[in-house]
Amino acid sequence: MSFLYPLFLAGIAVIGVPILLHMIRRNTRKRVPFSSLMFLHTTVPRFRDRSRLENLLLLALRCIMLCLLAFAFSRPFLPRPAGEEEVAPGRRIAVLIDTSASMRRNGMWTQAVGQARSMLDAASPNDRMCFISFDREARTLLGFEEWETLDPARRASVLTQQISGLSPGWAPTDLGRALVAAAEAIEDDEINDGRQAVAARQVVVISDFQQGSSLEALQAYEWPENMELEVKVIGSPGPTNAAPQLVAGRDDPARPDDEETVAVRIINSIDATNEHFALNWSDGISAGRTDQPADVYVPAGHSSVVRVPVRTDGSPGGKLVLTGDDHDFDNALYVAPRFEQQVNILYVGADDANDPHAMLFYVRRALAATRTFSPNIIAHSAAGLADTDVTTANLIIIADPIEPGPLAAMRRHLESGRLVLLVMDSADAATTLASLAGVEAVRSEEADVDRYAMLGRIEFEHPLLAPFSEPRFGDFTRIHFWKHRRVNIADLPEAEILARFDSNDPAWFELHVGKGSLLVLTSGWHPADSQLALSSKFVPLLYSILEYGGAISGQKPQYFVGDYVPIPQSLTSSSADLQVRKPDGSLTNLDAGQQTFTKTDMPGIYAIESSAGRQLFAVNLPVRECQTAVMPIEDIERLGVSLRQSAKIPPEQISQAAHQGNIVELESKQKLWRWALAVLLAVSLIESWLAGWLTRAPSVARGEER
């Protein structure tokens with residue numbers, strides 16, 4: 001028999017107390033007064049002769065009680081037989097290996113692989129390990145279940161094979177999501193492997209811990225108790241890291257109009273030792289000639305904007321390269337040529353384009369040509385409208401009632417997935433509305449307006465009005481409507497009302513016709529009907545209508561690795577053989593009707609190719625990934641993560657901890673102390689009864705017997 005706490009056995013020495021008490025001569029139990037002894041002094045009890053101990057059975061019971069109490073506190077257990085195998089407790093360790101773009105710096109990946117292999121070498125036979133690679137997503141290389149099924153001799157070779165096929169990619173670092181994935185993997189393994197006692201739960205991160213790592217996932221996650229995080233920081237061979245970033249929408253009035261430039265911001269790391277850099281196109285060609293690189297001075301921890309002349313040699317896009325820092329993984333900035341979107345807008349009405357009292361006058365001025373947007377506004381009267389005018393239009397604005405013949409072509413245009421904007425300039429437009437909506441009739445009349453009406457309720461959750469959802473953009477109270485048409489919305493049960501007047505009459509509503517949308521405005525924007533065209537909301541409203549209908553794609557000047565890129569409707573609707581050519585030359589086919597491209601997994605110039613044309617877009621490295629200074633580890637600790645210092649545990653300490661865990665588990669299963677307490681209770685009852693019997697009052701006093 002063995003004991004978990006053998007020092008408590010020293011309590012057996014307390015049995016000397018009852019022996020001592022039994023050796024002391026006590027006063028007689030019943031006092032009998034004698035006149036001859038009343039003047040004598042009482043003597044102190046003295047020790048009796050050892051050979052005259054009384055009540056030996058009672059003394060033995062009391063000694064047994066003390067021995068049983070010390071025996072129970074020492075937590076006895078029976079060791080396992082020699083032939084029985086013990087399942088020694090071990091550690092559950094989830095190892096995270098950073099494969100983000102910042103790990104592409106010189107020598108860092110080699111260090112990371114070495115750290116991963118050293119973790120494998122330091123593992124004891126009783127440990128359970130899991131290896132996970134991460135960048136913006138976490139991917140399991142070797143899970144807990146596979147670790148358990150593998151022969152211990154093959155684990156090193158399997159992990160080496162997994163790591164050999166691994167290398168840093170171009171995705172940004174999401175450290176928070178990786179930590180959550182590792183913690184959940186450990187907890188799931190505990191549930192699936194309840195038979196094994198574990199001495200520790202540990203997450204080990206092998207990373208450069210660059211300052212741009214995202215920790216947002218940890219803010220909404222409660223870190224498990226008794227789970228420690230060990231960090232293994234991969235050191236950088238050089239502190240200086242600068243990166244270029246495209247500045248969009250920045251114009252310099254000091255530059256002549258005939259010289260286009262690209263505005264680039266250079267960001268330098270906070271621990272940089274170099275402050276002078278150079279920026280130029282990769283082949284040295286800008287503005288059709290060979291130029292010297294642009295010298296840039298950027299102090300450590302600051303940024304500076306420099307302008308580089310654009311390429312005019314006809315090449316598709318370009319690559320700007322920064323030189324002068326210690327790391328080149330983020331020194332390239334890809335710039336795609338501006339994508340000029342040709343949009344055909346058909347305006348059906350008899351308005352004069354030069355009449356400021358007509359709606360067409362404001363349409364032409366609101367939709368002016370820009371560098372990336374080229375509108376082609378075709379005005380045509382309702383009479384004699386040709387089908388080709390309808391089919392080639394990206395957006396149709398109807399301002400006058402239309403005859404039944406062209407209406408059939410417009411309805412087919414709607415059903416194919418296009419957008420038609422119907423402006424009810426009069427109550428007679430209800431006939432056109434009924435024909436396009438596919439109903440028999442729609443009742444409409446001029447509304448009685450007292451002075452003016454205002455928009456009372458607007459559905460900003462609708463995609464068309466979402467750009468106005470912020471409070472600073474959503475104030476429509478300054479727009480007055482002098483006239484509007486009251487439409488009986490009960491005749492259009494499927495209509496979705498986007499805005500109402502303060503009288504509760506519908507102001508704007510939408511009808512889905514086939515795959516397309518019919519937008520209806522019950523009041524015009526010319527001065528006779530409202531102040532809409534003179535307000536600051538008119539231009540963004542028209543652009544929002546164009547984007548909602550797919551006439552313009554909302555293409556950004558650049559995207560980042562991992563972004564979703566929308567496919568222009570002009571390409572998806574006119575061609576079924578869409579494919580995207582990636583910077584490495586590989587082709588990715590797009591499914592029919594696919595609206596976005598998701599495989600932006602490397603920086604460079606991408607090309608969307610189809611029979612209808614070719615469109616280029618640039619994908620660059622996220623700016624946060626270029627912030628390579630080491631983050632303060634306290635940032636992780638503040639989110640509730642329990643940290644431990646990185647220290648190598650000697651194997652003998654691990655073996656000793658495992659042996660101690662086995663003893664605790666074995667004793668907790670046997671619980672022999674319960675039997676000791678049960679015997680103690682029985683002995684105490686016998687002792688109490690015997691003591692009471694021996695101390696009962698005698699029937700005849702001793703003095704009377706004599």
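Here, residue 1 is the first one in the sequence, and each next residue gets the next number.
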TODO: Look at the rings of Y452 and H480 and say which category their plane angle falls in: under 30° parallel, 30 to 60° tilted, over 60° perpendicular.
DONE: parallel

Open item on the list: Does K483 have more than 12 heavy atoms from other residues, nucleotides or ligands lying within 6.0 Å of its NZ?
Closed with: no

Open item on the list: Can you tell me if R443 has over 12 outside heavy atoms packed within less than 6.0 Å of its CZ?
Closed with: no

Heavy-atom closest pair, residues [X] and [Y]:
X: S535; Y: I479; answer: OG-CD1, 3.5 Å
X: A263; Y: V305; answer: CB-CG1, 4.4 Å
X: A138; Y: A181; answer: CB-CB, 3.9 Å
X: W223; Y: A183; answer: CZ3-CB, 4.0 Å
X: V442; Y: L492; answer: CG2-CD2, 3.9 Å
X: L590; Y: F597; answer: CD2-CD1, 3.8 Å

Any side-chain heavy atom of [X] sitting closer than 4.5 Å to one from [Y]?
X: L616; Y: I605; answer: yes
X: H462; Y: E496; answer: yes
X: V423; Y: I398; answer: no
X: M602; Y: V619; answer: no
X: K582; Y: Y606; answer: yes
X: L320; Y: V335; answer: yes
X: D389; Y: I396; answer: no
X: I458; Y: L465; answer: yes

TODO: Kindly determine whether Q558 and L246 satisfy side chain to side chain contact (heavy atoms under 4.5 Å, CB included), including the steps that lead there.
DONE: CA-CA 8 Å; Q558 69 169 338; L246 183 65; 3.6 Å; yes

Only distances under 3.5 Å count here; give the side-chain donor-acceptor pairs of residues 430-439 to other protein atoms, sequence neighbours excluded, each with its distance to 0.1 Å.
from	atom 1	to	atom 2	distance (Å)
T432	OG1	I402	N	3.3
S435	OG	T431	O	3.1

Which distance, rounded to the nearest 0.5 Å, do you find between the [atom1] of [X] and the [atom2] of [Y]?
X: N589; Y: E609; atom1: CG; atom2: CD; answer: 10.5 Å
X: I345; Y: R364; atom1: CD1; atom2: CZ; answer: 9.5 Å
X: L639; Y: Q219; atom1: CG; atom2: CD; answer: 6.0 Å
X: L218; Y: D635; atom1: CG; atom2: CG; answer: 11.5 Å
X: R411; Y: L518; atom1: CZ; atom2: CG; answer: 9.5 Å
X: L498; Y: E461; atom1: CG; atom2: CD; answer: 12.0 Å

Does any pair with a residue in [range] pass ring-ring contact (aromatic ring centres under 6.0 Å, His included), and if so which ones, sequence neighbours excluded?
range: residues 342-366; result: none
range: residues 486-519; result: F481-F501, H484-F501
range: residues 522-544; result: F373-Y543, W525-F538

Task: Any residue meeting ring pair (Phe, Tyr, Trp, His ring centres under 6.0 Å) with Y564, in chain and number order, not counting sequence neighbours - done: none

TODO: Report the C-alpha distance between Q579 and S610 in whole Å, list the side-chain angles of each, state the deciding distance to 0.1 Å, and finish with yes or no for side-chain hydrogen bond (donor to acceptor under 3.5 Å, both in side chains).
DONE: CA-CA 7 Å; Q579 56 185 4; S610 69; over 6 Å; no

Open item on the list: Once salt bridge (Lys or Arg N to Asp or Glu O under 4.0 Å) is applied, do any residues pair with D330, and if so which ones, sequence neighbours excluded?
Closed with: none

Indicate yes or no for a side-chain donor-acceptor contact from [X] to the backbone of [Y] under 3.5 Å, with no hydrogens or angles considered.
X: S469; Y: F460; result: no
X: R457; Y: A499; result: no
X: N394; Y: N344; result: yes
X: T173; Y: D135; result: no
X: K537; Y: G474; result: no
X: Q211; Y: A629; result: no
X: N620; Y: F560; result: no
X: D584; Y: S586; result: yes
X: T600; Y: D563; result: yes
X: S544; Y: L464; result: yes

- [ ] Could you walk me through whether S100 and F134 pass the side chain to side chain contact (heavy atoms under 4.5 Å, CB included) test, one step at a time?
- [x] CA-CA 7 Å; S100 62; F134 74 96; over 6 Å; no

Open item on the list: Could you tell me if Q210 and Q627 have a donor-acceptor pair between their side chains, going purely by distance under 3.5 Å?
Closed with: no

- [ ] Compute whether any side-chain donor of one residue and acceptor of the other, for Y221 and E216, lie under 3.5 angstrom apart.
- [x] no

- [ ] Check D505, D529, D448, D428 against R485 for a salt bridge (charged side-chain N to carboxylate O under 4.0 Å, His left out) and give me the one that passes.
- [x] D529

Open item on the list: Let's go through V343 and L367 carefully: what are the C-alpha distance in whole Å and the side-chain angles of both, what is the deciding distance for side chain to side chain contact (heavy atoms under 4.5 Å, CB included) to 0.1 Å, and is it a yes or a no?
Closed with: CA-CA 10 Å; V343 180; L367 300 178; over 6 Å; no

Task: E446/R486 ion pair, N-O < 4.0 Å - done: no

TODO: Any chance you could lay out the side chain to side chain contact (heavy atoms under 4.5 Å, CB included) test for V420 and L519, step after step, and finish with the verdict?
DONE: CA-CA 6 Å; V420 173; L519 295 177; over 6 Å; no

